[in-house]
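Numbers restart at 1 for each chain; the letters A, B, ... are given by sequence-line order, proteins then strands.
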Amino acid sequence: MSAADREKLESITRYDPAEVEARVFAEWMEGGYFHPPAEGTADENFSIAIPPPNVTGALHMGHALNGSMQDALVRMNRMRGRNSLWILGTDHAGIATQAVVEKTLKAEGKDRHELGREAFVERVWEWKAEYGSRIVEQYKRLGASCDYERERFTLDDGYVRAVYRVFKQLYDKGYIYRDHYMVNWDPGSHSAISDLEVENREVEDSLYSIDYPVEGSDRVLTVATVRPETMLADTAVAVNPNDERYADLVGRRCVLPLVGRRLPIIADEHVDVEFGTGALKITPGHDPNDFEIGRKHGLEEIGVIGPDGRMTEEAGEYAGLTVGEAQQKVIAALREQGLLRSEEPYVHSVPFSHRSGERIEPLISLQWFCRMDELAKPAIAVVERDEVRITPDQWKRVYLDWMREIRPWCVSRQLWWGHRIPVWYCDACEETIVAEEPPTGCGACGGELRQEEDVLDTWFSSALWPFATLGWPDQTPELRAFYPTSFLTTAREILFLWVARMIMTGIEFAGDVPFRDVYVHSVIQARDGRRMSKSLGTGIDPLEEIDVHGADALRFGLLAMSSTQDVRFSDAKVQQGRDLANKLWNASRLILLNCELEQDQSHPKPPQDQAPAAVGQGTPTPQPVLVEDRWLLSRLEQTIASVTAKLESYDFAHAVTEAYSFFWRDLCDWYLEIVKPRLYDGEPEVSATLLYALERLLALLHPVMPFVTEEIWSFHPARRGHLAVHPFPVADQALFDRSAEADVESGIELTQRLRAWRDLVDVPAASVLVAVIDGVSPPEFVSRLSRFEFDGVGAEPVASVGPVRVLPSEELDAAAVAVRIEKRREELRSEVQRAERKLGNEGFVAKAPVEVVEEERGKLERYRAELEELS
RNA sequence: GGGCGCGUAGCUCAGUGGGAGAGCGCUCGCUUCACACGCGAGAGGUCGCUGGUUCGAAACCAGCCGUGCCCACCA
């Protein structure tokens, strides 16, 4: 070790992530480790496509958790020598990005219509150039080992080609079509949105009952509605066909109040006899159910509410009013005419735009749709057959249930920022042309063409992410080497929005599923159990956590928190991660400053050009003789086996806590304390064991805590290259040693009993007690770590702790000892009672497995013997 | 309305048929030559409630109470 390194290790007693992280990350980038060659096959390689964050986004806890999981797996596989690609990129996020830029325009006192489409889009690109890489930089802070050289954007040129190719092919297959249909109109973004972008919220409204006079009769039909203003667009009244009260009215007409239109009275199964009076006003233009009923019965579709959220000319005297104003005016008019029968408070669920937060206005408009049923079929089959495995498996059923009920997808959006739909219209001959490249003129009449104004739903392009990022539709080397990807982690909220659609498009266009494994991770909630959300102000900023505690601490904490169920964010877990990083640093200082490799086994620093994956493990496998060394290595190898298995099965929380407990308890609390005298003596065998264990432990932890492990590794005498590309340890079963484990663990147990005994009889911590051993001597360390000397002579013992007979001494207070002994007797009596009761149960002895019964008998015997001794 | 979860120590959570666990917090004791972001020792739980299955239940089953999420076109 160089003098400078030694000086650093000696002087820095607290790990400082802020000093380390940027420097280490730069070294990885310089090494090019995250940019694998496009070689080999997808089966040999490992790849993940990151769920692309919005360009407008900032790293939030969901990204951080998701990124920690993905990075752990990518790093582990990279260390195994596989070509590992984690592809990174951002989503153009149509509505969100357009909204951001519109806001900056507004601040300048302009709006996008003044600028015009072209200039506006130009403006958004400028915004993207300036701010679009923010989230990518934030992923670097987390330590994410993405391939930053292959960064993609859903609107870059190649990606647009993929989107147009897919659109065209779906159109040619007849899946994509244009129709006047009921859509979710979002007045906030002035666009249609898909069903999946709608969230229902409970709202308190008023339920109005209104009398519709029946034509040529003195009867009335009383209908109930929460939206009286839509009555202006009513085109029928419906009753249930089995409703005898109204059987005679079906086929007749009633008169629409305020408007005077004659409305047919129709019969439809949809109407609930029990609800209200059993009569339902039908507004096909502004209610999704009524729309269905209207199409079934061939009713007229009238629109009285426009895309601007105001009443249209069709609304007559109400034209120009907002929906709310119109409602008040309609109610006032009805009340005046005595047709308002009642008004009562009513709580029901109402659709809101997930994007803008505004209340959805259902209305009929001309939109592009994609029918999904045929695409869904194979996507259902692959999940049924587990060719795409969804974990935890309850989500498999959720996926399948949804896919089996899938409905057409409204893919057009009335925005300017996005993939402009590749459709051209000829006004001269009414020809519609769908093409991947802009056509020069109308093929039929040579007339001028104008392109569709609408853009595609953002999710239409993200659905292609796993293969479009690899260069599809070209048959690129990347596509061959990394498709299908290996794995996807996701929040469940985008299971339908994104995951299902990737599976469908992957099968249809890339010829295979996009990934083999989907892991649906839990949601980290705010500390108080509410949702983390910007608007609620409940978000916790991962970057602040990184600033304060370090990226490794946050990563460890998030993985430790993660679980199959949702959990509240735990500062304690992040702190545990920070403490772990610090302890790793300090334990490593102790080891590195006191251990040396045998001369001929140490290696020079690696040449820069050395192929890292080709470098094997640096420290030679030790051949330990002493029981504590064998114990440590046995525990180490078992931990490697277990942690690896847990990472591979996405059980991150248990993986990290198990590694933690091996390191903290076994290595630091026990092994290091046990071997300190040998360590300070410079004994070669301890050096060999510790350097070996440290190397393997650092490698094991590196996927979870890459920075601190890499930093420590830079001081390790066996280092030949970066840990990021160091071989990942494979458990060496030859080092498993059950008997060493049993011996050391019983020594540990005895040490703890002796320490507890001392504490309870109030012996000063520093004083050494004298005792003799009755029977087999425990391992050497027991005496030292418990501050007992086992070579006493003469005197009558004053107490027994296991095989240890404590001899009298000045520091021992006889009364305290007596109290302690009585306490132990109590414990033993209760244990004996419990065991006797159990063994006295005939059913237990007869039916429980033999080994369980035997174990119980053994315990009883031991307790009785100890009790005997104490009497 | 349908579906899926959850209810275990003061807090946040593990634990899925054989004597209740972790981290944090709390108490007591330690300036022990890696670390006070540390070391040692403790206290603390009728495992939501009620029944059932079993020799044995925190775990399995049923019901109830509480709580969270997803899906759904009753105005």
Side-chain angles (χ1 to χ4, degrees), chain A residues 9-10 13-15 182 199-200 207-209 223-227 230 238 270-272 274-276 279-283 287-293 346 348-349 351 362 392 394-395 397-398 401-402 405 492-493 495-496 523 525 527 529 531 549 553 557 560-561 563-573 575-594 653-654 657 660-661 668-669 672-673 676 679-680 751-752 755-760 762 764-766 785-787 831 834-835 838 841-849 851-853 855-856 859:
Chain A
L9 282 178
E10 276 169 354
T13 61
R14 189 177 283 203
Y15 175 68
M182 171 71 54
E199 61 177 356
N200 291 298
L207 182 65
Y208 300 94
S209 296
V223 299
T225 181
V226 291
R227 303 204 58 195
T230 65
H270 172 78
V271 181
D272 181 354
E274 306 291 321
F275 191 93
L280 175 64
K281 77 187 204 53
I282 302 296
T283 320
D287 183 279
N289 298 318
D290 296 2
F291 177 78
E292 299 286 342
I293 294 172
Y346 187 69
H348 64 146
S349 72
Q394 71 250 34
W395 299 107
R397 237 190 67 204
V398 173
D401 286 348
W402 185 77
E405 300 282 317
R492 56 176 165 270
E493 59 186 17
L495 190 60
F496 307 140
V523 175
Q525 303 165 330
R527 290 179 255 257
R531 238 184 124 66
H549 302 296
M561 272 175 243
S563 144
T564 52
Q565 67 163 316
D566 294 352
V567 286
R568 298 172 182 210
F569 183 82
S570 162
D571 296 286
K573 286 283 194 295
Q575 248 174 61
Q576 194 182 350
R578 179 201 59 176
D579 293 349
L580 173 58
N582 186 57
K583 184 105 170 163
L584 276 168
W585 171 253
N586 279 295
S588 301
R589 286 173 59 223
L590 176 67
I591 295 168
L592 294 167
L593 286 169
N594 290 285
H654 291 112
T657 47
Y660 172 93
S661 117
C668 295
D669 289 352
L672 287 176
E673 295 305 325
K676 266 180 185 171
L679 186 60
Y680 294 139
T751 305
Q752 288 177 315
R755 284 169 171 172
W757 188 87
R758 293 175 60 110
D759 226 56
L760 284 164
D762 271 333
L785 297 185
S786 63
R787 292 179 184 260
E831 289 296 344
R834 188 195 55 77
K838 202 159 183 180
N841 181 337
E842 281 177 31
F844 175 71
V845 179
K847 294 186 182 174
E851 56 278 15
V852 175
V853 178
E855 201 187 326
E856 205 56 45
K859 285 180 200 162

Distance, P atom - from B:rA59 to B:rC49, rounded to whole angstrom = 10 Å

Using a 4.0 Å heavy-atom cut-off, write out nucleotides 20-37 of chain B from 5' to 3' as B (base contacted by protein), S (sugar-phosphate only) or - (no contact).
-> ---SS---------BB-B

When the distance from CG of A:Asn841 to P of B:rA57 is rounded to whole Å, what number comes out?
-> 10 Å

Grab the CG-P distance between A:Asp762 and B:rG42 for me, whole Å please.
-> 13 Å

Rounding to a whole Å, what distance do you find between A:Arg755:CZ and B:rC39:C1'?
-> 9 Å

When all nucleic acid strands are considered with a 4.0 Å heavy-atom cut-off, which category describes A:Arg527: base, sugar-phosphate, or nothing?
-> nothing

Send over the distance from A:Arg397 CZ to B:rG5 C1', rounded to a whole Å.
-> 12 Å

Is a side-chain donor or acceptor of A:Arg755 paired with a backbone partner of A:Leu785 at a separation under 3.5 angstrom?
-> yes

To the nearest angstrom, the OH-P distance between A:Tyr208 and B:rA75 comes to 16 Å

Please measure how far the C1' atom in B:rA57 lies from the corresponding atom in B:rG48, and state the result in whole Å.
-> 16 Å

Walking RNA chain B from its 5' end, the first of A:Ala848 and A:Asn289 to be reached, judged by nearest nucleotide, is A:Ala848

A:Gln565 side chain near B:rC4 phosphate (N/O to OP1/OP2, under 4.0 Å) | no

Is there a side-chain polar atom (N or O) of A:Arg568 under 4.0 Å from OP1 or OP2 of B:rC11?
-> no

Result for 5'-nearest mapping on RNA chain B, choosing between A:Val398 and A:Met561, is A:Met561

Short side-chain to backbone donor-acceptor contact, A:Arg14 and A:Asn582, under 3.5 Å = no

When we call it a touch if two heavy atoms are under 4.0 Å apart, what does A:Val523 touch: a base, just sugar-phosphate, or nothing?
-> nothing

What nucleic acid atoms does A:Pro849 come within less than 4.0 Å of, heavy atoms only: base, sugar-phosphate, or nothing?
-> base

Return yes if some donor-acceptor pair links the side-chain N/O of A:Arg527 with the main-chain N/O of A:Phe569 below 3.5 Å, else return no.
-> no

Could you work out the separation of B:rG3 and B:rC74 based on their P atoms and round it to a whole Å?
-> 16 Å

Regarding the side chain of A:Asp272, the nearest nucleotide among B:rG15, B:rC13, B:rA75 is B:rA75

Rounded distance in Å between the C1' positions of B:rA36 and B:rG15 | 32 Å

Which whole number of Å gives the distance between the C1' atom of B:rG44 and that of B:rG25?
-> 11 Å

Base, sugar-phosphate, or nothing for A:Lys838, non-hydrogen atoms under 4.0 angstrom?
-> sugar-phosphate

Would you kindly give the CG-to-P distance between A:Asn200 and B:rC70, to the nearest whole Å?
-> 10 Å

Reckon A:Ala846 touches a base, only the sugar-phosphate, or nothing at all at heavy-atom distances under 4.0 Å?
-> nothing

OP1 or OP2 of B:rA75 less than 4.0 angstrom from a side-chain nitrogen or oxygen of A:Thr283, does that happen here?
-> no

Verify, without hydrogens or angle tests, whether A:Asn586 (side chain) and A:Thr13 (backbone) share a donor-acceptor contact under 3.5 angstrom.
-> yes

On a whole-Å scale, what distance lies between the C1' atoms belonging to B:rG29 and B:rA14?
-> 30 Å

Complementary nucleotide for B:rG5 - Watson-Crick or wobble, under 3.5 Å = B:rU67

In whole angstrom, what separates A:Ile282's CD1 from B:rC73's C1'?
-> 11 Å

A:Leu280 and A:Phe275: CA distance, side-chain angles, deciding distance, side chain to side chain contact (heavy atoms under 4.5 Å, CB included) verdict | CA-CA 9 Å; A:Leu280 175 64; A:Phe275 191 93; over 6 Å; no

With a non-hydrogen cut-off below 4.0 angstrom, is A:His654 in contact with a base, only sugar-phosphate, or nothing?
-> sugar-phosphate

Check: A:Ser786 main-chain N/O paired with A:Arg758 side-chain donor or acceptor under 3.5 Å | yes

Figure out the CG/P separation between A:Asp571 and B:rU12, and round it to whole Å.
-> 12 Å

